[in-house]
Structure formats: structure tokens, C-alpha cells
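Okay, structure first, notes after.
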Amino acid sequence: MQIINNMAAFWNSFDSEISGCDCLGDSHLRQAPGDSIASVPYISVTMAAKKENSDDEVDEKVKKYLRGEAANLEGVKDKKLKGQLAVREDLYGKSAKTAAKIEKWLLPSEGGYLEAEGIEKTWRIKQESIAREVDILSSRNQYDIVLPELGPYTLDFTSNGRYMAAAGRKGHLAIVDMKTLNLIKEIQVRETVRDVAYLHNELFFAAAQKKYPYIYNREGTELHCLKEHGPVLRLQFLKNHFLLASINKFGQLRYQDVTMGEMIGNFRTGLGRTDVMQVNPFNGVVALGHSSGTVTMWKPTSSVPLVKMLCHPGPVSSLAFHPNGHLMATSGRENKIKIWDLRKFEVIQTLPCHAKTLNFSQKGLLAAGTGSFIQILADFSGSQNYSSYMTHSMAKGYQVGKVLFRPYEDILGIGHSMGWSSILIPGSGEPNFDSWVANPFETSKQRREKEVHSLLDKLPPETIMLDPTKVGTVRVPQKKEKPTKKDVEAEMEAAIETAKDTEFKKKTKGRNKPSKRAKKRREMIDKAKRPFLEQQTQEHETSRKKQKTNPETEMPKSLQRFVRQKAT
Amino acid sequence: MKVKVISRSTDEFTRERSQDLQRVFRNFDPSLRSQEKAVEYVRALNAAKLDKIFARPFIGAMDGHRDSIKCMAKNPNYLKAIFSGSDDGDIRLWDIASRRTVCQFPGHQGAVQGLTVSTDGSVLVSCGSDCTVRLWNVSDANLADSDYLSDNSSKPQAVYIWKNAFRAVDHQWDGDLFATAGAQVDIWNHNRSQPVNTFDWGSDTTISIRFNPGEPNILATSANDRSITLYDLRMSSPARKVIMRTKTNSIAWNPMEPMNFTAANEDCNCYSYDARKLEEAKCVHKDHVSAVMDIDFSPTGREFVTGSYDRTVRIFQYNGGHSQEIYHTKRMQRVFCVKYSCDASYVISGSDDTNLRLWKAKASEQLGVVLPRERKKHEYLEAVKNRYKHLPEVKRIVRHRHLPKPVYKAANLRRTMIEAERRKEQRRKAHSAPGSIVTEPVRKRRIIKEVE
């Protein structure tokens, strides 16, 4: 039929056109949330091609933007799904490449660096010599504030590095605007303050005072007294989840949601008093270092720690997390700093260094402070091999209490027994900020908008897990193994617990007798138990039947011909 | 020694005057953001919830007809108008924006069975059970100076009387022929009072007819003998025929993939076929619980709308097996005709209760002028919702639709029946020799045979 062939030929020509329009507008999926790079495809790539960027650099950047490896589509049997996923993966690759190419034009600033010339070593360079080489504005950031009467100071910075809260042990709370070095507010609370932590922006901060932690306003007004926490030693704020985590004198870890004031979790660590607590910014788990040398990691939805690792032979004196979430530095009393890989929970490197306080910077520099001496370690080749980069000694009487890198600046803040100081560490801060993540030049309007958006994006506490990339992934169906007896028992216990927890409607008019309530409760527990018991009896039955069917094997050989054969 | 420290000057990073826009700097580095996937998941969840909050698809009903509405036609040149014909011979032109009748075209003695507009929008062709085909002049000038008076009526341009009652009519997309369906398929020219050509294959009446949007000489018809026939006007005999188990009520060609068409069947399913390969359906669209009466594709070719005897209107993806959206109202009775508006934003349904109803094609869409930032935000939320829509919490919200009780119960009943059948089939298969019982896919099962 010639006409049909013509028809077929005509319609076949449509196929090539159709395949082009399948994925509509997915190009911004792989980008960070909230971004839409609608403008990206229009910037011509030929401009970039003129500059001879080494392919390796671009590859590195592309790898960074790819956020892991492509999915393995071999096991997908559904053809339609496979096709869709293949198109998606292709788009991810393209958008990562475009993001890598656009980086050159998009990022206005370059990072800091410190290079020694000749026989100079970077760790011998003093802050004064750096101050001579740098511009006035930066050299203003090097200072020592001496406040000897009010005790050792701890610091905290807001996430954009603009504001600092300083707390002296003897009750001095101060908020400073670091851009203009203005003191915004200082108050004297007249009792011991052990720690201070900013909440989501500079308007609120929490101070761990003698008996309870308090939340204050920027004006210094006391907003809340968190009685439930008790005498808190350390406070940490989980930014994405709006959770305030605290560890108190009795070793109790508490999580409180600061938006609604709800107490999410309250756990007895069981490992005694500790004041070493850090939040891993990558996945939101809280790590505690204990006096037995173990580091435990917690999440708000389980009363048992996620991880318990033995790090040091003696008490853990401090703990720090690298912003990428894979590295952890711990130090113990035996004057060693251990760098751990958190994916394998193995030691990568051990450094013979004293450290009473540790902190990682945004670019991966590690600051370790003991006594009146601070050492900055850096991994130069990116191979996670830390070596000494810079050092700084303060005046003899100053005991370093806390070191903290200032976000988006090359500055290290030091809280010590005689006040606080600030020194320049070139290359420690991220030079290019993203206005929608943290903006050091935020106006009040932008701050309000950001607060609303981050509240809308507030993560529920269940999203805290060791591997945050697991959200949204497909669980591969495993071969069904028979649950062990322990598992079955555990399941039964869990079912009984939930049955016990059910709340009953309060009946009135004489129908709410305690005997009836108790009976109902017992009925619920029996109902929860029933499926497990049924399963058990079934298993007994089958095992008994199995036993019955081979009596031959039990009988000695000479008697086997007398075994009654059941009719098959 | 060489030193450089980050130092940002305030001028570079803040605006100069308060009239300027704030400066925004972006760094897409993933290391600056933590827990991206969890944030996206929360946004997907919120987007799904917002979608449901803003889902108000019903816009209004157009009241005026005095009998059930059997057919509708859209004018490809004029977005705002829709023609509808009812069982008492009344044809009306509606203005969708104000939902009022612009013009009436009285003349048919019996029910108006088919309406269609020529491609240049100048002629409206109507056919009815009084064996007449009437042509009306509906050029733009005529419509533009109408005063919305309800007694605005026009005289027909031509009336052609023929042998039998007509069941459907459709106009060629790129020519001046139109075809009517009745006892046989007739091809007419505007100026001739008798059909130019007649096709007759089989002895049963043809109940629906559609021209192919891409190839002007191909048309598809469906007949009472449960068949779908493809005709080519250049040949003098029909081309291909596929006989199914149940009758097809209506056919629609995909305007973007003109080799594919979808047939609305009596057995509550819609079958998408590739016209070159009629032995197997491309896709079976299930979800209605009663006969599907009418089907129309969106101009994007990605979605189609169906109206069914079970008083609901459903919107399907062109390749999806289940419906994306269901529209129903207590007052809407059996839906006999549906049309997708030419800008793919609205769906119009005509039903037994003498009303035409206007619905939004995307239930939670914001109508009117959408600012570019709003549009980007909507697109982003749509994309992030689609990314996580397989996760249980999001899926539960996205999937949720309220069904009227009879539809819900009927759907459950159908499901149990189909499940029971399937289970029996499986057991038969399991207890017989391997390979002796072959299950046919649904796409093939409903087709009896294909005839050249």
C-alpha cells in the first residue's frame, strides 16, 4: 500500500522533532535551592574559551558542582523511567559545566594568601609584619581588647560574620558590630555566664548563665528563661532546624525548637559532665566529647547516640568539624590532635600539638590554641595532610579560652582570660559570599525577608542524619531475611510501647472508671502483642511438623525399615 | 613575603542611592549550603500543600441552553469564543470572558449533533438529526460588533439537506472540505450542496469523525460496530480499520504528534494509538468509572481532557496511564462534550444539565498577569515538587483528590473486580504448564482485530 508508506514516511519525520521537547524547563533543578539560573544559558561561552583555563581546574569545579556521582541506571527496568532519568542526568552534567564556566565572571573577590619568600617560613611570620603589608582597613581588624576583671571570654559570631557576641565569665555580655567595631549593647547579668550562642540572626542570642540559659534581645532585654535546660555548660544552635542544643552539668543533652519553644529531645548521655560540644554544620548532628575519651554523636529523634567512638586515652579536651562534614579534629589531654575521616571513622592524621580549643575555618584551616599560644594548621595540597601554617603568641598571662574563625573574613577571633583579640590569618575565609545564604552587608529589610524564608524552609528534626544526602533516595529492596529473635522481640517491645502510649478519649457521665480504663489499656497491649504471638505459634507448628517428618534420621540404621512410612 | 587578606570595601557591596536596587552576589558553591536535599524536600512538601490550598478550578457556568448540550466547537482564530449546540436545535456563541451568549443561530429542527468551524474561522458548520447541514457566517467582524443581546440571531449562509441524520461533523485543518458522519461518511465542499465523496465500510453508523491536524487528507472515524477506521481522502476506499471490544465514542488527534490519536471508549478507558501501528494501543488511560463520552487534546499536545458519563471531567497526561486531575460538581450531570481552550489554560465542559462549565486547566494556576518573579517562583516550586513527588508524604498530598461518593464507590468496585480477575488469571497460570497460558497486555487485549 503505497499511500500507507507515504503516510508512514511523513509521520516518521515527526519523531526527530518530538524528542527535543521532552524535558521542559528542568535546567535549574541541580542548582542550589532558591536559585534559578535563567540567565546562565545566554552568556556566551566563547568569551571564556579565549582564556586558557586548564582543563583540570574546570574539571575540579565541575566535580564540585556535580555533588557526587551520577546514578547508576543499569538496574532500572522501567524503560520510561530510565529514559527520563537519563535525560535528567544529562541536564545535571550540563548545568554543572555551565556553573563551573560562569564562576569566573560571577565571583568578584579572590581569596587571601600568605606566601613566604626565600628562606622565610610562614609560621615565623608575625602579625605585626602582616599588618605592615596589608591595607589600613584590614589592619584595623587586628587588636587586643583587654578586660581583665570580668573573666575569661567566649565568643560567637553570626553566620554572616558581621556581629559578635562576647561573654565574660563574670557576667559581662556584649554585642559588637564587627564592621564598624561599634559596641551595640553590653549588659552585666551579675552571675556566671559559661557560654553564649547567637540564634538565627543578630537579634537574638542565648547566654548559658549560672542556673538556666536565657535568651536576650539585641537591646539586652531578657526574652526567655529556659528553665528546663538546667545549669548549661555549652550551647549550640542548629541553623537549618532552629534548634538550640545544650549540654548541662549533669550530662543531659536537650534540643529545643526556638520558633515554637517546643522541647524536641531530652537525653541523658549517661557519660557524665562534659563541656565539649560541637555541631557538625554539614549534617546537623551534635557531637559531645567525654571524659572517657569517647566522642558521641546525637540526633534529636533518638535517645541512643548515633555513633560512639573512642578517640583518646584520656578526656577529650576539644572538638571541631570541617565545614564539608567529612573531617573532624579532636584533641585530648595527651597533647595530640587527631584528624578523623567521618565517612570511615578512621584517623587520617595525628599531630603532636597541644590544643585546648580547636576550630576549622571556611577554607579548611585548623586553629589550635593552648595556653597563650595559637597554631594554625593548613593542608596545602588539599590532600588532608595538615602542617603548620602560622603561629601566634600572646602575652604571657593570657590563657586562650576559645578560638573562632570569623565567617567570610580572614580573621581569627580569640577569647582569652584577659578579654578578646583578633588576628589576621590570610586565606582562612571564603572570599565570595552568597547574598541569599549569608550577607555581611545585610540591611534590615533583607534580614527580615531572610528570616521569613528560613522559617518557611525550617527543617523538621527528623532530617538530621549522618548522611544528609540520603533524603529522597530510593531504598534498594533487599532480600528479605528472616528477622532474628532479638529483632522480633524488639519489634514486639516497640509495638507494646506505642500501645501503651495511646491516649484514650476522656469519657464522662460515669463511663470513665479507672477499672475500665485499665482494662482498655490491657486490651490494647494484648492486641499489639497478638500478631507476634500468632507468628510464634505458627513457627512452632511448622518446626514441629518438620521434626515429625523425618523420624528416619533419628532412628539407628538397623531399625529404619520399621519406621512407619506415611502415605504420600 | 606576599600577603593578601580579604578586604571588602563597603561601596562595592552596597548600593549608592536608595533608588538603586540592592546588590546581590551569588556563589553557587555547594559547600556554602548544608543539607540541600532536606531543604528541597521541605520546599516540595510546602509546595504540594500550597498547590492544594490554591486549587480552585471551577470558574463559572454558562447558562442559557434549554436542553442538554451535545457538541461544542472552538474557533481557532478567536480565543474568547466557543460555540455550543444542544438537543433542541439551539446553537449559541458564547463569550468566555463574560460567560454570556453573544449570538444565537436558530434553525435546526432537531438535535444538533455536530459543530465545527473552518480553519480560517469564517464558517461554522453544524449538522443535526434533521438530516441537514447548515453553514453559518461567523467571521470576526460579525462577532466583534455584537452587543451581547440575547436575541442576536443570524441567518444561515447555506442549508444542505441530505439523506440520513448526521451524527458528527469535522472540518479539514488545511483546506475547505468538511466531513460528516452518519449512516456513511460524506465529504463536502462549502459551495456544493451535495457531498463530493462518500465512504462506506461496514453497515453501522459512524458516530464520530476527526481530521488529522498534520496531514489534511487523513481522517479517523468511529462506528457503532466497535471499530475505528482511518480514511485517506486521496484514495477512493478506506485505509485501515481496528475493531475493539467496545464502541469508541470520540477520537482526538494529538496536535503536536499528529500520527497519534486517542480514542474515548465505552469501557471507561481511553486508548492512545499510533496510526501507523494499529495492532496495539500505545497507552491505555484508565480512571473513569463510566463510558467516556468526549475527548480533546490541549494545543501543547501534552495533556488531554475527557468528559464521561460518570459526571466527571478528567485531565490526563498524553502518556500517563492515570488521570492527573478530576473535576466534578454536584450540579454537573452527564458530561457529553469537552473542549480544551486554544491557549491551553481552560477546559470547557458541556453536560446534560444544559450548562457549559468553564474550568481552569491547571487547578492551582494563578490567572491574569503574572510578574516574572512570581512566574519563576511558580516554576521552581513545580519543579521541586515533581522532583520529590515519589516520596510518601509528598505523594499523599499531591495525589489526594476528593471524589464524589458514587464515583468513589464505583471505582472501588471496579478495582476489586479487576483485581479478582487478575488473581484468578495468575492462579490459573501458576497451576498450568509454564507457557500454556499467555497473558496479553491490556494494550492488546481490547483489540479484536485489525483489518486492511
Side-chain angles (χ1 to χ4, degrees), chain A residues 3-4 7-8 10-11 14 18 25-26 28-29 31-33 35-36 38 64-65 67 99 106-109 111-117 120 125 130 133-135 137-138 240 281-284 323-324 409-410 424 426 429 431-435 437 441 443 446 456-457 459 463 468-469 471-472, chain B residues 1-10 12-14 22-44 46 214-215 218 230 232 234-235 239-240 256-260 274-276 301-302 319 376-377 379-380 382-384 386-388 390-391 452:
Chain A
I3 296 293
I4 295 175
M7 275 158 50
F10 174 77
W11 280 329
F14 281 95
I18 300 306
D26 276 330
H28 51 273
L29 279 183
Q31 296 311 313
D35 316 336
S36 58
K64 174 175 73 167
Y65 285 110
R67 293 168 170 86
L106 205 62
L107 306 181
S109 326
Y113 55 81
L114 175 66
E115 281 165 27
E117 286 164 341
E120 248 183 353
I125 297 175
I130 294 179
E133 306 280 328
V134 206
D135 57 318
L137 212 60
S138 308
N240 298 334
F282 179 65
N283 52 17
N324 69 8
E409 294 280 349
D410 281 340
L424 293 175
N432 299 301
F433 60 86
D434 188 323
S435 306
V437 172
F441 299 93
T443 61
Q446 287 175 334
L456 286 172
D457 289 339
L459 300 177
T463 53
T469 55
V471 175
Chain B
M1 88 183 134
K2 287 197 280 192
V3 192
K4 183 180 176 291
V5 187
I6 296 173
S7 75
R8 298 190 185 95
S9 75
T10 324
E12 268 178 42
F13 290 87
T14 50
Q22 293 283 2
R23 288 187 204 199
V24 169
F25 296 90
R26 304 308 312 279
N27 184 351
F28 297 113
D29 194 350
S31 61
L32 289 182
R33 301 159 170 85
S34 59
Q35 297 193 289
E36 293 175 303
K37 290 188 97 174
V39 172
E40 277 191 346
Y41 171 76
V42 167
R43 287 181 183 174
N46 290 340
E215 180 73 27
I218 311 251
L230 294 176
D232 189 331
R234 296 167 292 198
M235 288 167 49
R240 244 125 142 248
M256 282 294 147
E257 296 175 8
M259 64 280 203
N260 297 335
D274 184 340
R276 305 166 289 187
R302 285 285 178 260
N319 55 2
K376 282 211 177 106
K377 182 81 181 173
E379 285 172 10
Y380 171 74
E382 188 66 34
V384 83
N386 284 334
R387 205 184 205 194
Y388 288 92
H390 58 282
L391 289 180
E452 285 288 322

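Residue numbering restarts at 1 for every chain, and letters A, B, ... go by the order of the sequence lines. On a predicted model such as this, the values are computed, not experimentally measured, just so you know.
- Under the side chain to side chain donor-acceptor pair (under 3.5 Å) criterion, A:Lys64 pairs with A:Glu103, sequence neighbours left out.
- Rounding to the nearest 0.5 Å places OG1 of A:Thr469 at 10.5 Å from CD of B:Glu36.
- To the nearest 0.5 Å, atoms CE (B:Met1) and CD1 (A:Ile130) are separated by 6.0 Å.
- Summarising the geometry, atom CZ belonging to B:Phe25 is positioned 10.0 Å from atom CG belonging to A:Leu106; distances are rounded to the nearest 0.5 Å.
- Interface remark: of the candidates A:Ser138, A:Ala116, A:Pro431, A:Pro431 forms the most heavy-atom pairs closer than 4.5 Å to chain B.
- For NZ of B:Lys37, the number of neighbouring non-hydrogen atoms (other residues, nucleotides, ligands) closer than 6.0 Å is greater than 12.
- Of all the heavy atoms in A:Leu456 and B:Asn46, the pair that sits closest is O-ND2, 3.1 Å.
- The shortest non-hydrogen separation linking B:Leu391 to A:Gly472 is CD1-CA, 3.7 Å.
- Using a 4.5 Å cut-off between heavy atoms, B:Val42 touches chain A through its side chain atoms alone.
- Partners of A:Phe282 under the ring-ring contact (aromatic ring centres under 6.0 Å, His included) rule, at least two apart in sequence or in another chain, are A:His326.
- When the candidates B:Leu32, B:Thr14, B:Asn260 are compared by the number of heavy-atom contacts under 4.5 Å with chain A, B:Leu32 comes out ahead.
- The distance from atom CG of A:Leu137 to atom OG1 of B:Thr10, rounded to the nearest 0.5 Å, is 7.0 Å.
- Pairing each heavy atom of B:Gln22 with each of A:Thr443, the nearest pair is NE2-CG2, 3.5 Å.
- The line from OG of B:Ser7 to CG of A:Asp135 is 4.0 Å long, rounded to the nearest 0.5 Å.
- Taking 4.5 Å as the limit, some side-chain heavy atom of B:Ser34 sits within range of a side-chain heavy atom of A:Asn240.
- The two residues A:Asp434 and B:Asn27 come nearest to each other via the heavy atoms OD2-O, 3.0 Å.
- Using a 4.5 Å cut-off on side-chain heavy atoms (C-beta onward), B:Ser31 and A:Asn324 make no contact.
- Smallest separation of non-hydrogen atoms from B:Lys4 and A:Pro426: O-CB, 3.4 Å.
- Between B:Phe13 and A:Phe441, the ring planes are parallel. Angles under 30° get that label, and only those over 60° would be called perpendicular.
- Shown here for B:Ile6 and A:Asp410, the closest heavy-atom pair between the two residues is N-OD2, 3.0 Å.
- Looking at A:Leu424, the atoms closer than 4.5 Å to chain B (heavy atoms on both sides) all sit in the side chain, from C-beta outward.
- Using a 4.0 Å cut-off between a side-chain N of Lys or Arg and a carboxylate O of Asp or Glu, B:Arg8 and A:Glu409 qualify as a salt bridge.
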